[in-house]
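Report on the structure given below.
Indexing begins at 1, ligand by ligand and atom by atom, following the structure's order. What you see is a predicted model; the values in this text were computed from it and never measured.
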Amino acid sequence: MKSILITFLLANLNPVDGIRGTVIASPSRENPDYYYHWVRDAALVMSVVWSQKLGDSDELLRDFASATKKHQELSGDANLGEPKYHVDGKPYTEPWGRPQNDGPALRALTLTKWAQALLNRGETAYVQKALYDGRLPSTSVIKRDLEYVAHHWSEPCFDLWEEVQGEHFYTLAVSARALQEGALLADRLNDSDAAVFYRQQVKKIKKSLRRFLSSSRGWIIPTLRNSKRNFKTSDLDVSVVLGLLHSDFIYLSPTDPWVLKTLVKLEESFLKTYEVNKHGPGVAIGRYPEDAYFGGNPWFLTTAAMGEIYFKLAMASANPELAQAYANKGETFLERIRYHMPHDQRLTEQFRRDSGFVVGASDLTWSYASVLTLLHAKEEVLAQRRQVE
Ligand code: NOJ
Ligand code: NOJ
């Protein structure tokens, strides 16, 4: 399964009609039209390209950095929360939910991991020129994104689902992680005032994240000052799980009771929501129970995220029996994904809540990335187990 997913993922990078470094969200050009470089999707996909060394990963990251430079220049430093770009690099200018401030944070995070590896290899000149110049105003991609995040994180923005304006657990968690990793890079490149400033923001963001631990609900809620309060009434959203994962648990550890309670509630709610969950292995997971987009279906990337977090729980549990139970649980989400995956193994965005057949954007790049990440988390658990034995 893995190698074919990699092939399909790589096919969505560098489209012939786009600038190098473009990552299309999906080849689908209508119903829905996803033929764009979405900042969030692209950053998450490129993070997997780098961490799993897919294709010529160094070259792909270099291209990604150069496309990012173009995107930033065409938007301007005040508008780095722009959610998507045409494949020629121009910002999409039609009405859309903007800004989406998770984008620059995720992008900085992906590029920072790569920059650290380049520095380890002695490629300091390129890093200082293209990625982190330590200047203000900056012309380098990571520094520009970090400055944007450091100055705008407290402002309301659209959520990762592009629907709700407010303050979001997801966006804040990934912003904190981006600034924390950014501070390490700043230290390494002697930009020590910036490192101090970024760390101050991390502290403030963590403080602000406390407000999402809802004592009245008893779980982590996704959004405060929600512009669509009447529509999203459950306060349950898998974006919280994605936020924990994509911020590498900067705020709460996998075994934190708040996390466990949130996972249980999410699963309970999706179990009831989808007809398809009456049969088959595991539980199909969607974005949030009230979702109506494309009929409101479970998604591959959200089901994969639930699986992944259970494997992370398995890794973090000191008790071997508990660890085994969490790993088994993670496996059930992987089985669910396999259950709905067509024979050709091409993954759309969603599968239908009633029949289970695939629907929505075809060959969604983020779907491939999310299943690869899930498989990787499972491999890590297996490797840990082998070490113990
Ligand atoms: C497109 C967005 O990307 C998606 O998240 C949203 O649900 C639909 N528009 C409907 O608003
Ligand atoms: C809709 C999703 O809600 C959003 O998160 C994503 O960025 C776009 N589709 C593109 O895949």
Side-chain angles (χ1 to χ4, degrees), residues 8-9 11-13 15 18 22-48 71 80-87 91-92 94-107 109-110 157-166 168-171 173-174 222-223 226-228 230-232 234 237-243 245-246 273 285-305 346-353 358-371 373:
F8 293 148
L9 181 150
N12 289 352
L13 309 189
T22 299
V23 179
I24 51 166
S26 146
S28 172
R29 290 173 194 253
E30 53 178 13
N31 193 32
D33 180 8
Y34 272 30
Y35 201 74
Y36 299 96
H37 178 104
W38 248 278
V39 175
R40 164 181 40 260
D41 299 47
L44 293 170
V45 166
M46 293 311 291
S47 166
V48 176
H71 296 149
L80 298 184
E82 197 53 43
K84 62 177 183 177
Y85 293 82
H86 294 280
V87 298
Y92 177 84
E94 309 284 308
W96 205 253
R98 59 169 68 83
Q100 295 176 17
N101 290 345
D102 57 322
L106 294 170
R107 189 164 61 185
L109 204 45
T110 296
C157 69
F158 275 81
D159 70 325
L160 82 165
W161 308 135
E162 321 194 276
E163 299 172 327
V164 174
Q165 209 178 3
H168 313 287
F169 182 87
Y170 180 85
T171 308
V174 298
T223 298
N226 185 339
S227 65
K228 293 228 178 131
N230 300 335
F231 154 54
K232 292 183 77 169
S234 71
D237 193 316
V238 84
S239 65
V240 169
V241 175
L242 288 163
L245 290 169
H246 296 168
T273 304
I285 303 289
R287 299 192 294 182
Y288 51 90
E290 302 88 345
D291 198 357
Y293 178 50
F294 263 84
N297 297 302
W299 288 31
F300 286 109
L301 74 92
T302 49
T303 307
R346 288 191 178 271
L347 295 178
T348 47
E349 181 180 69
Q350 321 184 6
F351 46 98
R352 291 185 51 129
R353 61 192 293 155
V358 291
V359 65
S362 56
D363 287 303
L364 189 84
T365 324
W366 188 2
S367 290
Y368 293 127
S370 71
V371 178
T373 309

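Nearest to atom 3 (O) of ligand 2 among the protein's heavy atoms is R287 NH1, 2.8 Å. Scanning the protein for heavy atoms near atom 6 (C) of ligand 1, the closest one is E163 OE2, 3.2 Å. In this structure, the protein non-hydrogen atom closest to atom 10 (C) of ligand 1 is Y293 CD1, 3.7 Å.
Summarising the geometry, atom CG belonging to N297 is positioned 11.5 Å from atom OG1 belonging to T273; distances are rounded to the nearest 0.5 Å.
At a heavy-atom distance under 4.0 Å, only side-chain atoms of W366, from C-beta outward, approach ligand 2. Residue contacts with ligand 2, taken as heavy atom pairs separated by less than 4.0 Å, involve L160 solely via the backbone atoms N, CA, C and O. Residue contacts with ligand 2, taken as heavy atom pairs separated by less than 4.0 Å, involve W38 solely via side-chain atoms from C-beta onward.
Other residues, nucleotides and ligands contribute more than 12 heavy atoms inside 6.0 Å of the CZ atom of R353.
Remark: aromatic rings of W299 and W161 are close, center separation under 6.0 Å. Separation of the Y92 and Y85 ring centroids does not fall under the 6.0 Å cut-off. Residues Y170 and H246 place their aromatic rings such that the two centres sit under 6.0 Å apart.
Residue contacts with ligand 2 include E349, since one of its heavy atoms falls under 4.0 Å from the ligand. For the ligand labelled ligand 2, residue K84 lies outside the 4.0 Å heavy-atom shell. Distances shorter than 4.0 angstrom do not occur between any heavy atom of Y170 and any atom of ligand 2.
Less than 4.0 angstrom separates some heavy atom of Y34 from each of these atoms of ligand 2: 1 (C), 9 (N), 10 (C), 11 (O). Interface of W161 with ligand 1, defined as ligand atoms under 4.0 Å from a residue heavy atom, comprises 2 (C), 4 (C), 5 (O), 6 (C). Short contacts between ligand 1 and E162, defined as distances under 4.0 Å to a heavy atom of the residue, involve ligand atoms 2 (C), 3 (O).
Cation-pi check for R287 over Y293 is not met; the charged atom does not lie both under 6.0 angstrom from the ring centroid and within 45 degrees of its normal.
Judged by distance alone, the side chains of E349 and S367 never bring a donor and an acceptor atom under 3.5 Å apart. In this model, a donor atom of one side chain and an acceptor atom of the other lie less than 3.5 Å apart for T223 and H168. In this structure, a donor-acceptor pair under 3.5 Å is absent between the side chains of D102 and T171.
Judged by distance alone, with hydrogens and angles left aside, the side-chain atoms of Y368 form a donor-acceptor pair with the main-chain N or O of L347 at under 3.5 Å.
Among T365, L242, D41, the residue whose heavy atom sits closest to atom 7 (O) of ligand 2 is D41.
Here's the thing with W299: none of its N/O atoms is less than 3.5 angstrom from an N/O atom of ligand 2. Taking any N or O of R40, backbone or side chain, at least one lies under 3.5 Å from an N or O belonging to ligand 2.
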